[in-house]
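Note sheet for the following structure.
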Protein chains: 2
Amino acid sequence: MSRPREFDVDRVLHQSMEVFWNKGFKATSYEDLTRTTGVKKQSFYCVFNDKRTLFLKALVRYREHSIAILEKLEAQKMSPLDKLESLRESLLDEEVSCRGCLMVNSAMEFGTEDDQVTGEIELMFAEAEHVLEKIIISGQEQQLITTRYSSKELASYLHNAIIGARIMEKSGASREQIEAVLRVSFSLISP
Amino acid sequence: MSRPREFDVDRVLHQSMEVFWNKGFKATSYEDLTRTTGVKKQSFYCVFNDKRTLFLKALVRYREHSIAILEKLEAQKMSPLDKLESLRESLLDEEVSCRGCLMVNSAMEFGTEDDQVTGEIELMFAEAEHVLEKIIISGQEQQLITTRYSSKELASYLHNAIIGARIMEKSGASREQIEAVLRVSFSLISP
DNA sequence: TCACTTCTTGACTACATAGTCAACAATTTA
DNA sequence: TAAATTGTTGACTATGTAGTCAAGAAGTGA
């Protein structure tokens, strides 16, 4: 009953996430959000409450989206090494965009000052490492990956290298530089 | 002649750098700067021009200070491996402060939107990698460090791992987690 | 002591932006 | 068609802050 909403909440949430990803939380104004989504400020308040709540919803969406992609990769019928190789290449493609990773960006912007934001970031990181670990475990079982370190250690290690690359990208490093670093980093896992 | 300045410019610059380091560029207000240094806004304008100019001076100071520490380490009479070990430990000590690295923080805050800021960051990174490379070269000469990769590649690799650790720190990772990642990362360099 | 110069201070301007409010529009159901 | 309900809109409030200005304070040198 009553007047129906004129916009698609899901579409607006997605576009808002893109704006936050490009500009960061504080630097994003309602004017930015309105320009991108066509939705006026008060409508945001009706649906998402305040800016921070909208941002948290955007983080959740980003995490679910990113982890889904990772899990799809993990579930594919291919060698663990090829999975990691594919991941490494996808990083290089994405790097071009120069936006970095929304979670890493947010970790830098918020530090540890907002418990819910920090929680969302830690969840994302934990889930990402968990998928990495699954790939590594199967690689270790097939003697394709070193067992000098535990699967957990290697997952954390790779994750850290990836995060570093995400920073290089934001500080203007060339594709070649990032490629070189990732190549060396990923080579550690061989037996 | 005329009235002498009441504050030490160098002291104020150093304290301003600390504020920027703690809060970031945009989030730092003149109120913050005045509270920390005791110097009023207009005096800042007299000596440092605007906020961005002050920030650039703070970046230069940070870079010079950080590189000086690194070079002091490099110049010491000890094994290259011990130098790297010492560096790794000093990272862990610093991590506690939770502030990350001012250059990394600034890279994230500014992206590539300010040429002078980007230039300062790239200079810092290049200088840091150069010192790392000097240590690595001498390690390779003494067969203490792998020659599977060039000294340049290894320097970039280590630098990237360190930057990653600086991010972990800001996103609330424990000392143990950071220690584990750095341990694995540094182990790659053995022959 | 006095003129001159530079520093210091607080008030002021201009602007951006998060969040609120109340009037109005559009739709459903009785 | 009319009442009820909910979405939409633009104007409004409150606040924070970068940067400016002019008056006055505190030194210096003749």
Side-chain angles (χ1 to χ4, degrees), chain A residues 1-59 102 105-106 109-111 113-117, chain B residues 1-59 102 105-106 109-111 113-117:
Chain A
M1 54 182 157
S2 85
R3 182 174 178 177
R5 192 166 283 130
E6 285 179 9
F7 59 89
D8 177 12
V9 173
D10 216 55
R11 187 209 90 217
V12 170
L13 178 56
H14 188 85
Q15 289 180 316
S16 301
M17 180 200 79
E18 296 274 341
V19 180
F20 284 129
W21 193 356
N22 284 319
K23 305 198 58 166
F25 173 71
K26 276 172 204 151
T28 295
S29 67
Y30 277 104
E31 204 191 317
D32 296 321
L33 293 170
T34 298
R35 201 180 323 111
T36 303
T37 63
V39 170
K40 298 279 164 38
K41 182 161 42 170
Q42 183 61 22
S43 298
F44 273 103
Y45 279 93
C46 284
V47 180
F48 302 105
N49 296 317
D50 60 5
K51 195 177 145 187
R52 182 176 157 280
T53 307
L54 170 65
F55 181 70
L56 281 170
K57 287 220 172 85
L59 284 186
L102 175 59
N105 298 355
S106 303
E109 180 169 350
F110 282 83
E113 77 194 5
D114 185 311
D115 286 348
Q116 280 187 276
V117 171
Chain B
M1 54 181 156
S2 81
R3 183 175 177 178
R5 191 166 286 130
E6 284 180 8
F7 59 89
D8 177 12
V9 172
D10 216 55
R11 187 209 89 217
V12 169
L13 178 58
H14 188 85
Q15 289 180 314
S16 301
M17 181 202 78
E18 296 273 342
V19 179
F20 284 129
W21 193 356
N22 284 321
K23 302 199 61 166
F25 173 72
K26 277 172 204 152
T28 295
S29 66
Y30 278 104
E31 204 191 317
D32 295 322
L33 293 169
T34 299
R35 201 181 321 113
T36 304
T37 63
V39 170
K40 298 281 167 35
K41 183 163 36 171
Q42 182 61 19
S43 298
F44 274 103
Y45 277 93
C46 285
V47 180
F48 301 105
N49 296 318
D50 59 5
K51 195 178 146 186
R52 181 176 158 281
T53 307
L54 170 64
F55 181 69
L56 280 170
K57 288 221 172 82
L59 284 186
L102 175 58
N105 298 355
S106 303
E109 182 170 349
F110 282 84
E113 76 192 7
D114 186 311
D115 285 349
Q116 280 188 276
V117 171

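The analysis underlying the following values was restricted to heavy atoms, covering all of them including side chains, and did not include hydrogens, waters or symmetry mates. Sequence lines set the chain letters: A, B, ... in the order given, protein chains first and strands last, and positions in each chain run from 1.
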For this session: Ignoring the backbone of Arg5(B), work out which of dG19(D), dC7(C), dA18(D) is nearest its side chain.
Result: dC7(C)
Exercise. Which nucleotide in the set dT17(C), dG19(C), dT8(C) lies at the smallest distance from any side-chain heavy atom of Lys51(A)?
Worked result: dG19(C)
Exercise. Between the base of dC21(D) and the side chain of Gln42(B), is there any donor-acceptor pair under 3.5 Å?
Worked result: yes
For this session: May I ask you to test the Val39(A)-Gln15(A) pair for a side-chain heavy-atom distance under 4.5 Å?
Result: no
Exercise. Does Lys51(A) count as lying over the ring of Phe25(A), i.e. NZ or CZ under 6.0 Å from the six-ring centre, within 45 degrees of the axis?
Worked result: yes
Exercise. Given atom CG of Asp8(A) and atom P of dG7(D), what is their separation to the nearest angstrom?
Worked result: 15 Å
Problem set entry | Atom pair distance, as rounded to whole Å: NZ in Lys40(A) and P in dA23(C) | 20 Å
Exercise. What does Phe7(A) touch in the nucleic acid at a heavy-atom separation under 4.0 angstrom: a base, only the sugar-phosphate, or nothing?
Worked result: sugar-phosphate
Exercise. With sugar-phosphate meaning primed atoms plus P, OP1 and OP2, does Thr28(B) contact a base, only sugar-phosphate, or nothing at under 4.0 Å between heavy atoms?
Worked result: sugar-phosphate
Exercise. Using a cut-off of less than 4.0 Å, is there contact between a side-chain N or O of Ser43(B) and OP1 or OP2 of dC7(C)?
Worked result: no
Problem set entry | Result of checking Asn105(B), Asp32(B), Leu54(B) against Phe20(B) for side-chain contact (heavy atoms from CB on, under 4.5 Å) | Leu54(B)
Exercise. Could you give the NZ-to-P distance, from Lys23(A) to dA16(C), as a whole number of Å?
Worked result: 12 Å
For this session: For Arg35(A) and dT17(C), give me the distance from atom CZ to atom P, rounded to whole Å.
Result: 10 Å
Seminar exercise, completed: Sorted by position of nearest nucleotide on DNA chain D, 5' first, the leading residue of Cys46(A) and Asp32(B) is Cys46(A)
Exercise. Given dT8(C), dA18(C), dT17(C), which nucleotide is nearest the side-chain atoms of Glu31(A)?
Worked result: dT17(C)
For this session: Take Phe44(B) and Ser16(B), measure what side chain to side chain contact (heavy atoms under 4.5 Å, CB included) needs, and give me the verdict at the end.
Result: CA-CA 10 Å; Phe44(B) 274 103; Ser16(B) 301; 3.6 Å; yes
Exercise. What is the distance, rounded to the nearest whole Å, between atom NZ of Lys26(B) and atom P of dC15(C)?
Worked result: 20 Å
For this session: Look at Lys41(A) and dG10(D) and indicate whether a side-chain polar atom (N or O) is within less than 4.0 Å of OP1 or OP2.
Result: no
For this session: Dump the intermediate steps for side chain to side chain contact (heavy atoms under 4.5 Å, CB included) on Thr36(B) and Glu18(B), then the final yes or no.
Result: CA-CA 9 Å; Thr36(B) 304; Glu18(B) 296 273 342; 6.0 Å; no
For this session: Rounded off to whole Å, could you give me the CG-to-C1' distance for the Leu54(A) and dG19(C) pair?
Result: 14 Å
Problem set entry | Length of the line joining Tyr30(A):OH and dG10(D):C1', which is rounded to integer Å | 16 Å
Exercise. Once you round it to whole Å, what is the distance between P of dA18(C) and CG of Asn49(A)?
Worked result: 16 Å
For this session: Check whether any side-chain nitrogen or oxygen of Tyr45(B) sits under 4.0 Å from OP1 or OP2 of dT20(D), and answer yes or no.
Result: no
